[in-house]
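Residue numbers start from 1 in every chain, and the chains themselves are labelled A, B, ... in the order their sequence lines are given, proteins ahead of strands.
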Protein chains: 4
Amino acid sequence: MLEQLKHIVCKANLDLVSKGLVVQTFGNASGIDRESGLMVIKPSGVDYSCLRPEEMVVVSLETGETVEGDLNPSSDTPTHLVLYKAFDSIGGIVHTHSLYATAWAQAQCEIPAFGTTHADYCYGSIPCTRPMTVEEIRTNYEANTGYVIVERYDSARPQESPFVLVASHGPFAWGSTVADAVNNAEVLEYLARLASETLHIFRGTKPMQVPLLDKHFFRKHGREAYYGQQR
Amino acid sequence: MLEQLKHIVCKANLDLVSKGLVVQTFGNASGIDRESGLMVIKPSGVDYSCLRPEEMVVVSLETGETVEGDLNPSSDTPTHLVLYKAFDSIGGIVHTHSLYATAWAQAQCEIPAFGTTHADYCYGSIPCTRPMTVEEIRTNYEANTGYVIVERYDSARPQESPFVLVASHGPFAWGSTVADAVNNAEVLEYLARLASETLHIFRGTKPMQVPLLDKHFFRKHGREAYYGQQR
Amino acid sequence: MLEQLKHIVCKANLDLVSKGLVVQTFGNASGIDRESGLMVIKPSGVDYSCLRPEEMVVVSLETGETVEGDLNPSSDTPTHLVLYKAFDSIGGIVHTHSLYATAWAQAQCEIPAFGTTHADYCYGSIPCTRPMTVEEIRTNYEANTGYVIVERYDSARPQESPFVLVASHGPFAWGSTVADAVNNAEVLEYLARLASETLHIFRGTKPMQVPLLDKHFFRKHGREAYYGQQR
Amino acid sequence: MLEQLKHIVCKANLDLVSKGLVVQTFGNASGIDRESGLMVIKPSGVDYSCLRPEEMVVVSLETGETVEGDLNPSSDTPTHLVLYKAFDSIGGIVHTHSLYATAWAQAQCEIPAFGTTHADYCYGSIPCTRPMTVEEIRTNYEANTGYVIVERYDSARPQESPFVLVASHGPFAWGSTVADAVNNAEVLEYLARLASETLHIFRGTKPMQVPLLDKHFFRKHGREAYYGQQR
């Protein structure tokens with residue numbers, strides 16, 4: 001069942017390690033098959049060094065139940081399911097505790113758009129969720145993590161910032177495929193570090209001017225794009 | 001004598017190098033065989049590049065004497081012995097001068113729990129010992145290093161923070177096995193860096209809310225744990 | 001056509017990756033053949049992992065048109081052309097979003113000459129362009145990026161600082177060849193990081209004294225040079 | 001002539017690269033044969049990738065003249081000669097522009113002894129030279145660099161701090177052999193970074209207490225030493 005997607009999702013999880021985005025067993029990647037309504041995700045707390053495609057867990061988007069797999073799915077599974085339901089254009093999700101993105105999440109600060117590197121990927125600040133309530137933490141914590149993310153977006157936004165910071169926790173990134181989501185998780189970590197280093201040089205740095213933000217974002221995204229080989 | 005433990009302890013010492021936790025000959029790892037009351041530890045000041053299992057030194061927990069081995073045991077041996085006596089649930093200890101953990105120790109600051117990465121491993125701030133008195137430094141310095149650590153804990157705590165900062169010195173980490181202790185030493189270094197980077201972004205960052213700390217710590221530790229494959 | 005230059009430019013682009021100066025597809029390198037008036041540059045948005053010499057694009061310095069190549073040239077092509085026209089002594093140009101240089105560009109701060117490492121390569125501060133006007137951004141953005149760079153220099157300067165920061169964007173570096181430009185891009189990243197770390201230690205650090213700047217710059221550059229094997 | 005020393009000095013120069021202490025052609029290492037009064041040093045401005053023992057240059061300690069070798073000796077040769085004359089117990093010298101040590105030199109700040117990692121190698125702050133006068137810069141600059149270093153020491157000190165920062169420039173390190181000097185250059189870079197990270201956590205960190213400094217320095221150095229396998 002979904003053999004190809006299992007391979008892709010397994011590889012995406014291993015890429016998180018080789019790109020330096022996870023330490024220990026932190027982090028997970030998933031992909032979805034929209035047609036069958038099935039999500040493939042990393043098992044919970046398994047050592048990355050011996051992760052194999054056949055260990056990936058298949059979960060139903062609708063019921064949240066494990067459909068195939070001997071191991072428990074990632075404990076963050078309910079968060080992934082909420083995001084797939086809310087953002088129907090996305091095909092893959094990545095969660096990490098990567099250093100700089102997690103530091104911004106712990107500081108509960110949105111990452112300002114300081115330059116064109118940022119504008120090439122994200123239209124404005126990288127959002128950070130509000131703190132969760134005690135009730136949201138105690139009951140259905142993982143699903144509620146998804147809901148506080150969705151709350152920061154409207155239906156148009158998942159493309160405008162393909163990553164988000166969960167306050168006191170860490171980042172989630174997504175994309176049209178899980179490989180794309182891994183890519184975005186790597187970009188996010190770079191942007192987070194770049195913004196930190198910018199503030200260390202000059203604490204009073206202001207966000208970039210909006211016409212420059214427009215120019216770079218729409219040079220790569222949307223109908224007017226002319227970057228790369230797309231036209 | 002204890003051939004398997006010597007192999008494991010030797011490997012643990014070499015893992016400290018490959019994980020980037022030691023420079024030069026700083027740092028040491030030990031393991032204990034509770035049944036025989038014998039500790040296996042790295043020899044003092046030996047180059048890691050040629051460390052072999054048969055060079056490990058066997059020391060009696062009760063007398064502190066070398067029972068087997070041609071080389072002097074690590075100069076920190078008395079610290080290890082004090083910790084093994086005080087914390088009877090631990091099976092391995094690691095001491096490093098890893099960069100960020102040592103910086104926090106030098107600043108004599110406890111590392112606040114700023115997020116869930118921290119809460120997954122440690123219930124609250126990572127403790128830092130008080131400065132040692134002149135008397136404690138001049139006489140039995142290494143054993144007294146162990147006593148100031150133990151002073152910061154009560155019998156329940158070694159699991160709640162499996163690592164500690166010794167003021168003006170550096171970190172010690174422990175675990176149920178020496179491999180587990182190495183793991184915790186790596187986690188500590190990551191948490192120390194994460195907390196530094198968080199403060200660089202926003203100096204006024206407050207510790208995370210307690211319900212979230214509870215949620216993450218007890219999701220992985222204790223009877224209610226549901227992370228990983230344990231149930 | 002220009003087979004040798006294509007090889008050299010392709011290698012220069014790959015060197016940017018191996019030197020850690022680019023992430024993703026950010027960055028590009030070009031070389032010029034002054035005799036034929038042709039520039040060779042990386043194609044736009046192509047993955048570095050499979051970049052080959054035959055994919056390099058040949059562009060006319062005079063008309064800006066693609067003379068050879070199946071792919072679109074780098075979107076920054078007009079910037080390169082403006083620089084080659086304004087600085088007739090240079091043979092290669094590199095653009096990156098390398099971490100520390102980009103952070104200084106985002107902070108819109110010139111990098112002060114704090115020490116001899118800097119003085120060995122650059123005579124004074126590393127310049128940063130003024131912000132572009134809305135008009136310059138909306139029309140001919142990439143060419144205007146070149147013009148705001150040239151505006152900061154007079155004809156003598158390209159040797160005095162072989163790199164520049166474009167405000168809210170990132171660095172450009174050049175040299176007598178594209179290999180030399182790659183080298184300078186690497187030096188710039190080191191100088192940018194060195195200056196950041198210096199300010200972190202002491203925020204009030206002043207630029208170095210001028211006689212020492214003179215000594216080091218002219219020890220390596222110009223007719224009185226005695227560094228290396230040149231005399 | 002001095003074939004063995006040439007091999008050792010060549011290897012020491014290459015070790016500076018593999019340890020990440022030099023970029024480009026910055027940096028140089030030398031060794032001395034006290035019996036013959038001859039120093040072996042790296043040639044000036046030569047690429048490290050192709051450095052071979054037979055390219056090392058032999059220089060007379062007394063006259064400063066090249067005794068053997070086809071290439072110019074390092075431009076810092078006069079600095080090395082002054083240090084060998086002033087400190088007769090040393091057998092090797094290393095000069096680098098390593099990142100954190102150079103940042104401290106640029107900030108013109110001595111590196112305080114914040115902890116035991118530092119105390120294991122250096123008895124007190126790591127010294128920084130005074131700025132050089134215009135006269136010292138313009139005439140015999142490289143020799144005068146040596147004299148301002150020596151000025152900061154008395155005959156007893158070279159062992160107490162086997163490294164020094166030259167203001168607005170970078171570090172020099174030495175040892176009983178050139179391999180020992182490379183080691184000390186690596187330790188210096190680590191201590192410099194450790195001190196920076198400590199100040200970033202708590203700007204008001206005070207130097208460590210003197211009894212602890214005494215304990216660690218004399219545990220490894222002098223007649224009472226008991227660290228390692230020396231007794």
>> For D:Pro43, which atoms come within 4.5 Å of any heavy atom of chain C: side chain, backbone, both, or neither?
In response: both
>> So for D:Asp70, is it side chain, backbone, both, or neither that comes closer than 4.5 Å to the heavy atoms of chain C?
In response: neither
>> Distance check, rounded to the nearest 0.5 Å: D:Ser168 atom OG versus C:His118 atom NE2?
In response: 12.5 Å
> Is any side-chain heavy atom of D:Met132 less than 4.5 Å from a side-chain heavy atom of C:Lys215?
Replying inline: no
>> Tell me the closest heavy-atom pair linking C:Thr198 and D:Ala107, and the distance in Å.
In response: CG2-N, 3.8 Å
> In Å and rounded to the nearest 0.5 Å, what is the OG1 to CD distance from C:Thr117 to D:Gln106?
Replying inline: 5.5 Å
>> Let me confirm one number: the OG-CZ distance from D:Ser75 to C:Arg219, rounded to the nearest 0.5 Å.
In response: 3.5 Å
> What part of C:Asn183 gets closer than 4.5 Å to chain D, counting heavy atoms only: side chain, backbone, both or neither?
Replying inline: both
> chain D heavy atoms under 4.5 Å from C:Thr205: which part of the residue, side chain, backbone, both or neither?
Replying inline: side chain
>> If I measure from the heavy atoms of chain D, does C:His216 come under 4.5 Å with its side chain, its backbone, both, or neither?
In response: side chain
>> Is it true that, when you exclude C:Lys85 itself, more than 12 heavy atoms of the residues, nucleotides or ligands shown sit nearer than 6.0 Å to its NZ?
In response: yes
>> For the interface with chain C, which of D:Arg138, D:Arg203, D:Gln108, D:Arg193 has the highest count of heavy-atom pairs at distances below 4.5 Å?
In response: D:Arg203
> Hey, is the main chain of D:Leu99 close enough, under 3.5 Å, to the side chain of C:Tyr190 for a donor-acceptor pair?
Replying inline: yes
>> For C:Phe218, which atoms come within 4.5 Å of any heavy atom of chain D: side chain, backbone, both, or neither?
In response: neither
> Within a reach of under 6.0 Å around CD of C:Gln4, are more than 12 heavy atoms found that belong to other residues, nucleotides or ligands?
Replying inline: no
> Between D:Glu142 and chain C, which part of the residue has a heavy atom less than 4.5 Å away: side chain, backbone, both or neither?
Replying inline: side chain
> Which bit of D:Val166 is near chain C, if near means a heavy-atom gap under 4.5 Å: side chain, backbone, both or neither?
Replying inline: neither
> Which bit of C:Val187 is near chain D, if near means a heavy-atom gap under 4.5 Å: side chain, backbone, both or neither?
Replying inline: both
> Top residue by heavy-atom pair count (under 4.5 Å) with chain D, among C:Val210, C:Leu194, C:Asp120?
Replying inline: C:Leu194
> Does any non-hydrogen side-chain atom of C:Gln209 lie less than 4.5 Å from one of D:Ile137?
Replying inline: yes
> CG of C:Asp47: more than 12 outside heavy atoms within 6.0 angstrom?
Replying inline: yes
> chain D: which of C:Asp214, C:Leu199, C:Leu212 shares the most heavy-atom pairs with it under 4.5 Å?
Replying inline: C:Leu212
> Side chain, backbone, both or neither: which part of D:His200 has an atom under 4.5 Å from a heavy atom of chain C?
Replying inline: side chain
> Can you tell if the side chain of C:Thr116 reaches within under 4.5 Å of the side chain of D:His97, non-hydrogen atoms only?
Replying inline: yes
